[in-house]
> 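The structure's right below; bear with me while I get my questions together.
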Number of protein chains: 2
Amino acid sequence: MPSTDRRLQPRRKPRQVRAELTRDRVLTAAAHVFAEHGYASGTTNRIAERARISIGSLYQYFPNKDAILAELLVRHIDRGTWTQAEQLDLSPGSLEATVRALVGDAIANHRDDPQLLRIMIEEAPVSQELLDTIARHERKRVDQVRDLLARHPDVHIQDLDPAAELIVFTVETNTHKLMAYPRTTPVETFENELVAMVTRYLRGDQ
Amino acid sequence: MPSTDRRLQPRRKPRQVRAELTRDRVLTAAAHVFAEHGYASGTTNRIAERARISIGSLYQYFPNKDAILAELLVRHIDRGTWTQAEQLDLSPGSLEATVRALVGDAIANHRDDPQLLRIMIEEAPVSQELLDTIARHERKRVDQVRDLLARHPDVHIQDLDPAAELIVFTVETNTHKLMAYPRTTPVETFENELVAMVTRYLRGDQ
DNA sequence: CACTATTGTGAGTAATAGCTCAGCTGTTTG
DNA sequence: CAAACAGCTGAGCTATTACTCACAATAGTG
């Protein structure tokens, strides 16, 4: 627990292939361990054990525990693609189809490991740097969605900025809940309702 | 860190007034400390210090650290009132007014200490018991909203159950975000958009 | 006032977990 | 092949922190 002087850089950068491999082993192991035990109980020793490397090696490439989770988060963010939405950006369809694409992308981006994502979002230590990264990413996403809405003829909203923000957040968290927690009712039902809600909202008054 | 055999009961129940007072001091102190430092860094010693009592006294009335936060959460839940919505339950108005009442209540319930709530929701140790309490509470709330919707003539939704669940969750989290994180744009704007979204959704197709 | 029950105290304990470092094993290079 | 470099090891150091307990102080009671 001693977060002494908060080293920010790892003491070593991988130069050989095996080192790169070790680094990856740590990350995959960490993803599993965090998802299974949560952040607090996902100890660095446990991660090293799971990665089948020694605790010392772990600290060669990560300055501290927080950095591991931070990198996992950044990777998740970078990996996030919005393929369906981009498709529509080129050849737009009905408003409902557009919204459905947005929701579909969100769900696709959470398919991998919803548990881990829950941990990352709910238990991640919030360094200012990480917060900034997330905020920047969200801003970009909001802009993207706003532009998409701006170009669609069926959208009847005065101020698109808060609308886009509302939609991105609502879709994100609902998807998140949908995936992370087990449901009795089928996922499609909720997906449909979510799509309906957003679509009707965008279609405007009445 | 040694959560040995997880004692569930405190070793003592308050019998004199001063004891009750001490207990309350702990809770208020804990609320402040958790809100300020987060759960993990909100140590029991810090809480005791802030409450101006000794660490020993703290452990007279709470079996462990988790129990303190659990009680704070339970108190928050119990305190949560839905006055505006109840009002409308008796004499319903327009659909928009009804939705606005729901949102208004949600915001009112988060006025006190949004930071603390964030901590409680995001960093709380999730004991099964606590999870059950929360789930039970949410279930009750969803049922309440579903009944409210069922009685309103302007609601055009086939399956009210997922709709109520979607609305409760969406309103809750959006409110939550609205209150916990500082905004540049005025709160009312988002409130209006949220109300609009839910209203149009409920009004049904087209 | 004496006796008991209740409440308060805080130095100290035990366990935990992040992290280091001295030395070893592999890999590359001239 | 040998020197230099890169990577790996894991026992153990250090700091932290939830929690205990023997004792002191205060309140209640007859």
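Below, chain A is the first sequence line, B the second, and so on; all start at residue 1.
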> Could you tell me which non-hydrogen atom of G42(B) sits nearest to which non-hydrogen atom of I47(B), and how far apart they are?
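Reported closest heavy-atom pair: O-CD1, 4.2 Å.
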> In whole angstrom, give the distance that lies between atom CD of E20(A) and atom P of dT27(C).
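Whole-Å distance recorded here is 16 Å.
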> Using atom types as modelled and distance alone, determine if a side-chain donor or acceptor of R200(A) lies under 3.5 Å from a backbone N or O of R203(B).
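No; judged by distance alone, with no hydrogens or angles, the pair does not exist.
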> Using a 3.5 Å cut-off and no angle test, enumerate the donor-acceptor pairs between side-chain atoms of residues 74-83 of chain A and protein atoms at least two apart in sequence or in another chain.
unit_1 : atom_1 : unit_2  : atom_2 : d
R79(A) : NH1    : D112(A) : OD2    : 2.6

> Does the side chain of Q115(B) come within less than 4.5 Å of F34(B)'s, by heavy atoms?
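F34(B) vs Q115(B): side chains apart.
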> Check for a donor-acceptor pair, side chain of R25(A) on one end and backbone N or O of A51(A) on the other, with a separation under 3.5 Å.
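Checking the backbone N and O of A51(A) against the side chain of R25(A), a donor-acceptor pair under 3.5 Å is found.
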> Judged by atom type as modelled, is there a donor-acceptor pair below 3.5 Å linking the side chain of H152(A) to the main-chain atoms of L148(A)?
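Judged by distance alone, no pair lies under 3.5 Å.
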> A side-chain contact here means heavy atoms from C-beta on lying under 4.5 Å apart; do R23(A) and E71(A) qualify?
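R23(A) reaches E71(A) side chain to side chain.
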> Without decimals, in angstroms, what is the distance between E49(B) CD and dT17(D) C1'?
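About 14 Å, once rounded to whole Å.
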> Which whole-number value in Å describes the distance from I68(A) CD1 to dA17(C) P?
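Answer to the nearest Å: 15 Å.
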> Rounded to whole Å, how long is the line connecting atom CG of D66(B) with atom P of dA18(D)?
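Going from CG in D66(B) over to P in dA18(D) covers 10 Å.
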> Could you tell me whether the phosphate oxygens of dA17(C), OP1 or OP2, come under 4.0 Å of any side-chain nitrogen or oxygen in T44(A)?
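Result: no.
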> Please tabulate, one pair per line, each protein N/O and nucleotide N/O from nucleotides 8-13 of chain C that are separated by under 3.5 Å, including the distance.
unit_1  : atom_1 : unit_2 : atom_2 : d
dG8(C)  : OP1    : T22(B) : OG1    : 2.3
dG8(C)  : OP2    : Y61(B) : OH     : 2.8
dT9(C)  : OP2    : S54(B) : N      : 2.9
dT9(C)  : OP2    : S57(B) : OG     : 3.3
dG10(C) : N7     : S54(B) : OG     : 3.3
dG10(C) : N7     : G56(B) : N      : 3.3

> Only one of V195(B), V198(B), I167(B) clears side-chain contact (heavy atoms from CB on, under 4.5 Å) with V103(B); which?
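For V103(B), the side-chain contact (heavy atoms from CB on, under 4.5 Å) check succeeds only for V195(B).
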> May I have the distance from Y59(B) (atom OH) to dA14(C) (atom P), rounded to whole angstrom?
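From Y59(B) OH to dA14(C) P: 16 Å.
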> What residues, two or more places apart in sequence or in another chain, satisfy ring pair (Phe, Tyr, Trp, His ring centres under 6.0 Å) together with Y59(B)?
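In terms of ring pair (Phe, Tyr, Trp, His ring centres under 6.0 Å), with neighbours along the sequence ignored, Y59(B) is linked to no residue.
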> Measure CD1/I47(B) against P/dT17(D) and give the value in whole Å, please.
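Rounded to whole Å, this separation is 12 Å.
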> Just to be sure I understand the geometry, which residues of residues 26-35 of chain B put a non-hydrogen atom under 4.0 Å away from DNA chain C?
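The stretch gives none, as no residue of it lies under 4.0 Å from the strand.
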> Would you kindly give the CD-to-C1' distance between Q16(A) and dC5(D), to the nearest whole Å?
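In whole Å, dC5(D) C1' lies 8 Å from Q16(A) CD.
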> Between dC8(D) atom C1' and D24(A) atom CG, what is the distance in whole Å?
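Spelled out: CG on D24(A) to C1' on dC8(D) is 17 Å.
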> Less than 4.5 Å apart, side chain to side chain, heavy atoms only: is that true for F62(B) and V26(B)?
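The answer is yes, as the side chains (C-beta and beyond) meet within the 4.5 Å cut-off.
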> How far does the helix from dC1(C)-dG30(D) to dG30(C)-dC1(D) bend, going by the axes of its first and last five pairs, to the nearest 10°?
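Here the helix ends are tilted 10° relative to one another.
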> With sequence neighbours left out, write down each residue that passes side chain to side chain donor-acceptor pair (under 3.5 Å) with E165(B), or none if nothing qualifies.
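With sequence neighbours excluded, E165(B) shows a side chain to side chain donor-acceptor pair (under 3.5 Å) to R183(A), given in chain and number order.
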> Starting the side chain at C-beta, find the nucleotide from dT17(D), dC19(D), dC19(C) nearest to N64(A).
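Of the options given, the side chain of N64(A) lies nearest dC19(C).
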